[in-house]
Novice: 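Below is a structure I'd like to ask you about.
Residues take their numbers from the sequence shown, with the count starting at 1. All values below come from the heavy atoms of this structure, side chains included, with hydrogens, waters and symmetry mates left out.
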Amino acid sequence: MNACHERPVALLTGAGRRVGAAIARMLHAAGYDLALHCYQSLTDTQVLVTELEKQRSHSTLLLQADFSDRDAPAELIRQVLASTGRLDALINNASTFFPTPVGQTGLAHWDALMVVNARAPFFLAQAAAGALCKACGSIVNLVDIYAERPLANHPIYCMAKAALLAMSRSLALDMAPNVRVNAVAPGAILWPDKGSNHADQRHLLLRTPLERTGSPEEVAGTVLWLLRDATFVTGTVINVDGGRSLSV
């Protein structure tokens, strides 16, 4: 991408796989140029960039960063602005998920979950605030229904996502009126790569009124709506969970 873009530019973290890739494809199809962040999924993100570039050349920027590096969020924003000259949207999708049972959890587990799920999104938003304000832009944070209804044996993950949800509401106040900040809380969309068996999946679906998993595209469509169309919506969390959050 080159500076002085006319098309809106969105920075999407954790873009290479799963829900992130679906968000990237939907925003790109809607006319956004994209800065796509990855860390470990570099190969997947390169494949995605190739796909999107075939559809519209010079429309993507690939950025790799490890959020355990404290300087990474500000450096990502610097690179985006150096390449495009603008930033209209920030989507904090990058996430780390694993169990942390009480009595078996150390500081390294705390850091791994808090850094990606809570610390990096805040410092990305802070670094992007000036550009987003200039563009009257928007932030969407991918949280989780477990931020409000905790998952057993995952206390630190739930705490981190709850922090991200609280951040979304706080920044909606602090960055108004020029920047809108919202959150999307998916339910069962894709099963974890590890650790979810068939019995667990069936039990979860029995507690979901719509009796099915959602699709990454359904999450992506909600993100696009919040960025582009929901011009009088800020400080809101939308549950994309098939009604599961209604269950006790």
Novice: Compare every heavy atom of Ala118 with every heavy atom of Ala163, then report the nearest pair and how far apart it is.
Specialist: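 Closest approach of Ala163 to Ala118, heavy atoms only: CB-CB, 4.1 Å.
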
Novice: List the atom of Ala220, the atom of Ala22, and the distance in Å for their closest heavy-atom pair.
Specialist: CB-O, 3.6 Å

Novice: For residues Pro186 and Asp144, report the shortest heavy-atom separation together with the two atoms involved.
Specialist: O-OD1, 3.9 Å

Novice: Enter the distance from Gln64:CD to Ser41:OG here, rounded to the nearest 0.5 Å.
Specialist: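 Interatomic distance, Gln64 CD to Ser41 OG, rounded to 0.5 Å: 9.5 Å.
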
Novice: Looking at Pro121 and Leu164, what are the two nearest heavy atoms and their distance?
Specialist: CB-CD1, 3.6 Å

Novice: Would Arg25 and Glu217 pass as an ion pair if we require N to O under 4.0 Å?
Specialist: no

Novice: Does the Thr84 side chain pair with the main chain of Arg86, one donor and one acceptor, at a distance under 3.5 Å?
Specialist: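 Checked: pair present.
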
Novice: When you measure from the side chain of Thr100 to the backbone N and O of Thr105, does any donor-acceptor pair fall under 3.5 Å?
Specialist: no

Novice: Is it the case that the side chain of His37 and the backbone of Gly14 share a donor-acceptor pair, with hydrogens and angles ignored and the cut-off at 3.5 Å?
Specialist: yes

Novice: For the SG atom of Cys158 and the CD1 atom of Ile145, what is their distance to the nearest 0.5 Å?
Specialist: 10.0 Å

Novice: With sequence neighbours excluded, tell me which residues meet side chain to side chain donor-acceptor pair (under 3.5 Å) with Arg78.
Specialist: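 Counting only residues at least two positions away or on another chain, Arg78 forms a side chain to side chain donor-acceptor pair (under 3.5 Å) with Glu75.
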
Novice: Could you check if a side-chain atom of Ser245 sits within less than 4.5 angstrom of a side-chain atom of Glu148, using non-hydrogen atoms only?
Specialist: no

Novice: Do Leu246 and Leu210 share a hydrophobic cluster, counting only Ile, Leu, Val, Met, Phe, Trp and Tyr and linking them when any side-chain heavy atoms are less than 4.5 Å apart?
Specialist: no

Novice: Determine yes or no for a side-chain-to-main-chain donor-acceptor pair under 3.5 angstrom, with Asn117 supplying the side chain and Thr96 the backbone.
Specialist: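 Present.
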
Novice: Would you say the side-chain atoms of Asp88 pair up with the backbone N or O of Val9, donor to acceptor, closer than 3.5 Å?
Specialist: yes

Novice: Using a 4.5 Å cut-off on heavy atoms from C-beta on, say whether the side chain of Arg169 contacts that of Val237.
Specialist: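 Of all side-chain heavy-atom pairs linking Arg169 with Val237, at least one is under 4.5 Å.
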
Novice: I want to check something: taking the side chain as every heavy atom from C-beta on, are Leu52 and Leu36 in contact at a cut-off of under 4.5 Å?
Specialist: yes

Novice: Got a second to check how far Leu87's CG is from Leu132's CG, nearest 0.5 Å?
Specialist: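 Leu87 CG to Leu132 CG: 4.5 Å, rounded to 0.5 Å.
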
Novice: side-chain contact (heavy atoms from CB on, under 4.5 Å) between Leu11 and Leu124: does it pass, once the steps are laid out?
Specialist: CA-CA 10 Å; Leu11 168 59; Leu124 282 164; 4.3 Å; yes

Novice: Between Glu53 and His58, is there a donor-acceptor pair closer than 3.5 Å when you use the side chain of the first and the backbone of the second?
Specialist: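 Indeed, once roles are kept as given, a pair shorter than 3.5 Å links the two residues.
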
Novice: Would you check if the side chain of Lys161 reaches a backbone N or O of Leu142 as a donor-acceptor pair within less than 3.5 Å?
Specialist: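 Answer holds: yes.
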
Novice: Mind checking salt bridge (charged side-chain N to carboxylate O under 4.0 Å, His left out) for Arg56 and listing every partner two or more places apart, or none if nothing turns up?
Specialist: Asp33

Novice: Can you list everything that forms a ring pair (Phe, Tyr, Trp, His ring centres under 6.0 Å) with His28? Sequence neighbours excluded, please.
Specialist: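 None.
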
Novice: Residues two or more places apart in sequence or in another chain: which of them pass side chain to side chain donor-acceptor pair (under 3.5 Å) with Ser68?
Specialist: Asp66

Novice: Applying ring-ring contact (aromatic ring centres under 6.0 Å, His included), which residue pairs with at least one partner in residues 117-176 are found, sequence neighbours left out?
Specialist: Phe97-His154, Phe97-Tyr157

Novice: Just list the side-chain donor-acceptor pairs under 3.5 Å for residues 176-185, sequence neighbours left out, or say none.
Specialist:
unit_1 : atom_1 : unit_2 : atom_2 : d
Arg180 : NH1    : Leu226 : O      : 2.9
Arg180 : NH1    : Ala230 : O      : 2.7
Arg180 : NH1    : Val233 : O      : 3.1
Arg180 : NH2    : Leu226 : O      : 2.8
Arg180 : NH2    : Leu227 : O      : 3.1
Asn182 : OD1    : Gly235 : N      : 3.2
Asn182 : OD1    : Thr236 : N      : 3.0
Asn182 : ND2    : Val233 : O      : 3.0

Novice: When rounded to the nearest 0.5 angstrom, what is the spacing between CG in Asn141 and CG in Leu90?
Specialist: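 Interatomic distance, Asn141 CG to Leu90 CG, rounded to 0.5 Å: 7.0 Å.
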
Novice: Output the distance between atom CZ (Arg244) and atom CZ (Arg207), rounded to the nearest 0.5 Å.
Specialist: 5.5 Å

Novice: Rounded to the nearest 0.5 Å, how far apart are CG of Asn93 and CZ of Arg18?
Specialist: 10.5 Å

Novice: Linking I/L/V/M/F/W/Y whenever their side-chain heavy atoms sit closer than 4.5 Å, directly or via other members, would Tyr39 and Leu62 fall into one cluster?
Specialist: no

Novice: Within the distance-only criterion (no hydrogens, no angle test), does the side chain of Ser83 pair as donor or acceptor with the backbone N or O of Gln79 below 3.5 angstrom?
Specialist: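 Flag not set: sc Ser83 to bb Gln79 has no pair under 3.5 Å.
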
Novice: Examine Val47 and Leu34 and state if one hydrophobic cluster contains both, with Ile, Leu, Val, Met, Phe, Trp and Tyr joined whenever side-chain heavy atoms are less than 4.5 Å apart.
Specialist: no

